[in-house]
Amino acid sequence: MDRGLVGTAGRDRLSVAVQRRGPCAIFTPAGELDHHTAELLREPMESSVDEGCSKLVVDCSQLEFCDSTGLNVLLGARLKAEAVGGGVHLAGLLPVVARVFEITGAEAVFTVHDTLADALNE
């Protein structure tokens, strides 16, 4: 993946698709979730909770990279969703992203599913 020039915002490195299904919001980030792109996921996740979605599902099957800033976005969304009786569910983690969750211990605080369908059916 082209990382662009050093010092650029790099927002072209991440896109986030959002779908709504009743009290559930599904986010599909594609690309790299890092310091420069984190706001692209943070804003719609926070807005979804503010608009009444308590279950946030993140389809990580197209997420190629996640750093500590990206992890903090997910942890912040988790706290906000839990405050309204919901939670954050992660689905389809690629090995490189799953490793970040394993190393940091964050996998223990999220509900992780093999597939998006599994996450939606819980």
>> Quick check: do V18 and M45 have side-chain heavy atoms less than 4.5 Å from each other?
In response: no
> Side chains of F65 and V100: does their closest heavy-atom pair fall under 4.5 Å?
Replying inline: no
> Any chance CG of D50 has more than 12 other-residue heavy atoms, nucleotides or ligands included, within less than 6.0 Å?
Replying inline: yes
> Looking only at heavy atoms, what is the nearest atom pair of L90 and V88, with distance?
Replying inline: CD2-CG1, 4.0 Å
>> Counting C-beta onward and ignoring hydrogens, is there a side-chain heavy-atom pair between L14 and L63 closer than 4.5 Å?
In response: yes
> How far apart are the closest heavy atoms of C53 and R20, and which atoms are they?
Replying inline: SG-NE, 2.9 Å
>> Restricting to non-hydrogen atoms, name the atom on H35 and the atom on D67 that form the minimum distance, rounded to 0.1 Å.
In response: N-OD2, 3.4 Å
>> Could you list the cluster mates of L94? Members are the ILVMFWY residues connected by side-chain heavy atoms closer than 4.5 Å, either directly or through other members.
In response: none
> Does L74 reach the side chain of F110, with side-chain heavy atoms less than 4.5 Å apart?
Replying inline: yes
> Is there a donor-acceptor contact under 3.5 Å from the side chain of K55 to the main chain of G22?
Replying inline: no
> Ignoring hydrogens and geometry, is there a side-chain-to-backbone donor-acceptor pair from T37 to E32 under 3.5 Å?
Replying inline: yes
> Hydrophobic clusters join Ile, Leu, Val, Met, Phe, Trp and Tyr when side-chain heavy atoms are under 4.5 Å apart, directly or via other members; which others share one with L116?
Replying inline: I26, V57, L120
> Distance only, no hydrogens: is a donor on one side chain within 3.5 Å (strictly under) of an acceptor on the other, for E51 and S47?
Replying inline: no
>> Suppose the criterion is ring pair (Phe, Tyr, Trp, His ring centres under 6.0 Å): which pairs have a residue in residues 68-99, not counting sequence neighbours?
In response: H89-H113
>> Please enumerate all residues that pass ring pair (Phe, Tyr, Trp, His ring centres under 6.0 Å) together with F27, with sequence neighbours excluded.
In response: none
> Quick one: CG on L41 to CG on L56, what's the gap to the nearest 0.5 Å?
Replying inline: 9.5 Å
> How far apart are the C-alpha atoms of V112 and F101, what are their side-chain angles, what is the distance that settles it, and do they pass the side chain to side chain contact (heavy atoms under 4.5 Å, CB included) test?
Replying inline: CA-CA 10 Å; V112 180; F101 284 82; over 6 Å; no
>> Looking only at the side chains, is there a donor atom on one of N72 and T69 sitting less than 3.5 Å from an acceptor on the other?
In response: no
> Which heavy-atom pair separates V97 from E64 by the least distance, and what is that distance?
Replying inline: CG2-C, 4.1 Å
> Excluding sequence neighbours, so at least two apart, what forms side-chain contact (heavy atoms from CB on, under 4.5 Å) with V96?
Replying inline: none
> Which atom names give the shortest non-hydrogen contact between A81 and G87, and what distance separates them?
Replying inline: CB-N, 3.7 Å
> Applying side chain to side chain donor-acceptor pair (under 3.5 Å), which residue pairs with at least one partner in residues 101-111 are found, sequence neighbours left out?
Replying inline: R99-E102
